[in-house]
Novice: 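Quick one: the structure is below, questions incoming.
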There are 2 protein chains.
Amino acid sequence: MARNCRFAVAVHIASLLATMEGQPCTSEWIAGSVNTNPVVVRRLLSALAKAGLVHSTRGSTGGSSLARPADRISLLDIHRAVDEEEEPALHNQPPNPACPVGRNIQSVLLRVIERADAARDAVLSTTKLSEVVGALKVEG
Amino acid sequence: MARNCRFAVAVHIASLLATMEGQPCTSEWIAGSVNTNPVVVRRLLSALAKAGLVHSTRGSTGGSSLARPADRISLLDIHRAVDEEEEPALHNQPPNPACPVGRNIQSVLLRVIERADAARDAVLSTTKLSEVVGALKVEG
DNA sequence: GTAACGGTAACAGATACCATTACAGCAAGG
DNA sequence: CCTTGCTGTAATGGTATCTGTTACCGTTAC
């Protein structure tokens with residue numbers, strides 16, 4: 001996985017919304033559970049809203065809640081929403097096209113990395129937010 | 001995958017060594033194909049050597065070559081050699097332990113991420129360096 | 001002994017990420 | 001109407017990481 005904490009915090013946020021069952025949560029309250037700044041939470045909520053996973057309302061009684069049931073939100077949905085799908089990291093400088101290896105290594109690597117990422121995504125897509133919430137409750 | 005280019009360059013390097021069939025290559029020659037600085041190549045070769053994948057000799061006629069056949073080196077071997085297995089990126093600050101979600105989210109997330117990483121690693125481990133070299137030749 | 005190599009430390013520049021402050025826009029309730 | 005409390009977002013600073021580069025040491029062949 002990436003080495004930023006956006007995915008982890010976004011799943012945390014989504015789990016909080018799921019346990020509140022429709023009742024809107026403020027970014028400040030969420031930030032208290034995540035232990036970070038409310039703006040960080042709002043940035044992630046904004047990304048989740050753009051992906052259609054949550055719904056936010058402004059104003060005095062505003063807040064955020066899930067846009068659909070937790071069993072219809074996968075962790076892949078969340079990952080794609082907040083970790084804007086970067087291209088796989090290849091060479092910084094383009095390799096030497098005069099070398100048979102340098103000329104083709106990137107396209108070959110791309111195919112392999114895409115297969116590997118697809119395998120990882122398959123696990124994330126079959127894991128639903130509702131499972132995470134269920135596991136949280138078992139944990140106690 | 002990670003967003004550094006160590007893995008891509010390391011596979012590039014290993015592919016070069018594989019196509020040279022035992023003949024030692026210098027870091028400067030490799031750097032010419034990768035299009036980077038020889039020290040960058042030496043750093044990666046050093047990591048590959050520590051993992052037992054390549055063998056380097058110093059001195060006037062020195063250079064590096066594969067330590068075992070390319071069909072017995074997987075891309076997972078290379079990935080683990082150069083991208084020192086980081087722990088999955090969770091929260092920066094520990095979540096609020098007074099919240100039922102914050103108290104357990106990390107252990108639940110760890111299990112999921114480990115399953116996802118294992119799926120990705122399975123693809124990398126079944127992809128051998130020899131396959132990459134073969135694909136390079138087909139590519140032309 | 002000299003030339004050519006790998007190993008490694010040290011440093012600079014670029015980039016990414018997170019936390020924080022600040023402020024504009026919007027909705028509910030008096 | 002207008003105050004209050006929320007979201008959305010821009011701007012900024014600090015920190016960490018990565019890459020490229022220079023420099024120097026140790027080693028090996030000739």
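Chain A is the first sequence line, chain B the second, and so forth, proteins listed ahead of strands; every chain is numbered from 1.
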Novice: Whole Å only: how far is the CG atom of N37(A) from the C1' atom of dT9(D)?
Specialist: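 Atom-to-atom, N37(A) to dT9(D), this comes out as 13 Å.
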Novice: Establish, from distance only, whether the side-chain atoms of T127(A) and R115(B) form a donor-acceptor pair under 3.5 Å.
Specialist: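 Note: T127(A) and R115(B) side chains meet the donor-acceptor criterion.
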Novice: Measure from the side chain of V39(B), starting at C-beta and using heavy atoms only, and say which of dT8(C), dT21(C), dG6(C) lies closest.
Specialist: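 Nearest to the side-chain atoms of V39(B), counting from C-beta on, is dT8(C).
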Novice: Nearest to the V40(B) side chain among dG6(C), dG20(D), dT7(D), which nucleotide is it?
Specialist: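 So the nucleotide nearest the side chain must be dG20(D).
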Novice: Do any side-chain nitrogens or oxygens of S46(B) fall under 4.0 Å of OP1 or OP2 in dT8(C)?
Specialist: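 Indeed, a polar side-chain atom of S46(B) lies that close.
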Novice: With heavy-atom distances below 4.5 Å as the criterion, would you say the side chains of S107(A) and E139(B) are in contact?
Specialist: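 Yes. Closest side-chain heavy atoms under 4.5 Å.
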Novice: Is a donor on one side and an acceptor on the other found under 3.5 Å between the side chain of N104(B) and the backbone of V101(B)?
Specialist: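 Side chain of N104(B) to backbone of V101(B): no pair is present.
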Novice: Within the sub-3.5 Å range, which N or O atoms of nucleotides 26-30 of chain C have a protein N or O partner, and how far apart are they?
Specialist:
from	atom 1	to	atom 2	distance (Å)
dA27(C)	N3	S60(A)	N	3.4

Novice: Starting at CD1 of I13(A) and ending at P of dT7(D), how long is that distance when rounded to a whole Å?
Specialist: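 Distance, rounded to whole Å: 11 Å.
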Novice: Output the rounded distance in Å from CG (L48(A)) to P (dT9(D)).
Specialist: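 Result: 13 Å.
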Novice: Grab the two heavy atoms, one from S15(B) and one from V132(B), that are nearest each other, plus how far apart they are.
Specialist: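 So the minimum-distance heavy-atom pair works out to OG-CG1, 3.7 Å.
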Novice: Determine the contact category for S64(B): base if any of its heavy atoms lies under 4.0 Å from a base atom, sugar-phosphate if only primed atoms, P, OP1 or OP2 are that close, otherwise nothing.
Specialist: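 Result for S64(B) = nothing.
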Novice: Do the non-hydrogen side-chain atoms of L76(A) and V123(A) ever get within less than 4.5 Å of each other?
Specialist: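 Of all side-chain heavy-atom pairs linking V123(A) with L76(A), none is under 4.5 Å.
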Novice: Find the distance N92(B):CG to dT15(D):C1' and express it as a whole number of Å.
Specialist: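 After rounding, the reported distance stands at 11 Å.
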Novice: Rounding to an integer number of Å, can you tell me how far R43(A) CZ sits from dC17(C) C1'?
Specialist: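 Answer to the nearest Å: 9 Å.
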Novice: Just the rounded figure in Å: distance from C1' of dG20(D) to CD of E28(B).
Specialist: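 Distance check: E28(B) CD to dG20(D) C1' gives 15 Å.
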Novice: Please collect all side-chain hydrogen bond (donor to acceptor under 3.5 Å, both in side chains) contacts where either partner lies in residues 22-35 of chain B, sequence neighbours excluded, each pair once.
Specialist: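 Pairs touching residues 22-35 of chain B that pass the test: H12(B)-S33(B), S27(B)-R42(B).
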Novice: Checking T36(A) against Q93(B): is there a side-chain donor and acceptor pair closer than 3.5 Å?
Specialist: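 No - no donor-acceptor pair under 3.5 Å links their side chains.
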Novice: Rounded to whole angstrom units, what separation is found between the CZ atom of F7(A) and the C1' atom of dC17(C)?
Specialist: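 In whole Å, dC17(C) C1' lies 18 Å from F7(A) CZ.
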Novice: Assign each of R42(B) and Q93(B) to its nearest nucleotide of DNA chain C by heavy atoms, then name whichever residue's nucleotide is nearer the 5' end.
Specialist: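 Closer to the 5' end of DNA chain C: R42(B).
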Novice: Rounding to an integer number of Å, can you tell me how far N4(A) CG sits from dC18(D) P?
Specialist: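 Answer to the nearest Å: 13 Å.
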Novice: What is the nucleic acid contact for R6(B), judged by heavy atoms within less than 4.0 Å: base, sugar-phosphate only, or nothing?
Specialist: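 Answer is sugar-phosphate: R6(B) comes under 4.0 Å of backbone atoms only.
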